[in-house]
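Everything quoted here is computed from the prediction, not taken from an experiment. As the structure lists them, so they are numbered: ligands from 1, and atoms in each ligand from 1.
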Amino acid sequence: MSGGMDRHQALADLAGRVADCRGCGLAEGRTNVVVSSGPESARVAVVGEAPGREEDLAGRPFVGRSGRLLDQLLDDTGGLGRNEVYVVNMVKCRPPDNRAPKADELAACRPFLDEQLALVHPRVVVTLGNVATRAMLDTKEGITSLRGRSHADPGGAPWPIVPTFHPSAGLRNGARVTGPMREDLARAAELAEATR
Ligand code: URA
């Protein structure tokens, strides 16, 4: 994609298609689709799992408790404030009772995410938690063994993938998880600088 306006229009077009999407059963239960937040020219994209209750009501990703922790961790990472990152989820509609998205739901929604990343073209993609990390790295391995380093995109995209824990795990476990998350986010910020 060349100009910012082309990108802006393409992302606006995508948002319209997401709003009309009935590609899986999650469409039934949604209040709002949750497409993305943050600058379309961001150097870092952060990929979460799925909207929760507050995100479904607001139509914006990571606005609940997990989001507040994510904001804090990002703001503590030099050069990577929440307002600097493009935030998106694996699925755009809230799963009932906050269950994890199912394989068919992830598959139905994946083309939107791929299109978003291709348009934003970040320098680094951070994946939060097992669901996003396994999907993006195309593996069954767990986040604990995958985090702590960057990985090549298995589909051949140019951006490295930096997996870290989901902020909900940080809320449950405190510094044992938020400490490593800070390290991972600092790694992402460094990589985004290095690949200028
Ligand atoms: N958890 C996620 O994975 N995404 C959100 O947008 C909110 C909570």
Extract all N/O-N/O pairs under 3.5 Å that connect ligand 1 to the protein, and present each with both atom names and the distance rounded to 0.1 Å.
residue	atom	partner	partner atom	Å
ligand 1	1 (N)	His166	NE2	3.3
ligand 1	3 (O)	Glu49	N	2.8
ligand 1	3 (O)	Ala50	N	3.4
ligand 1	3 (O)	His166	NE2	2.8
ligand 1	4 (N)	Ala50	O	3.0
ligand 1	4 (N)	Asn89	OD1	2.8
ligand 1	6 (O)	Phe62	N	2.9
ligand 1	6 (O)	Asn89	ND2	2.9

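Taken from CG in Leu146 to OG1 in Thr133, the straight-line distance is 7.0 Å, to the nearest 0.5 Å.
Tracing side-chain contacts under 4.5 Å through hydrophobic residues (I, L, V, M, F, W, Y), one reaches Leu14 starting from Val33; they form part of the same cluster.
A salt bridge links Glu193 with Arg43: at least one charged nitrogen is closer than 4.0 Å to a carboxylate oxygen.
Annotation for Asp184 and Pro163: closest pair OD2-O, 3.6 Å, computed over non-hydrogen atoms.
Sparse packing is recorded around CZ of Arg53, with 12 or fewer heavy atoms of other residues, nucleotides or ligands lying under 6.0 Å away.
Centroid-to-centroid, the aromatic rings of His121 and Tyr86 stay 6.0 Å apart or farther.
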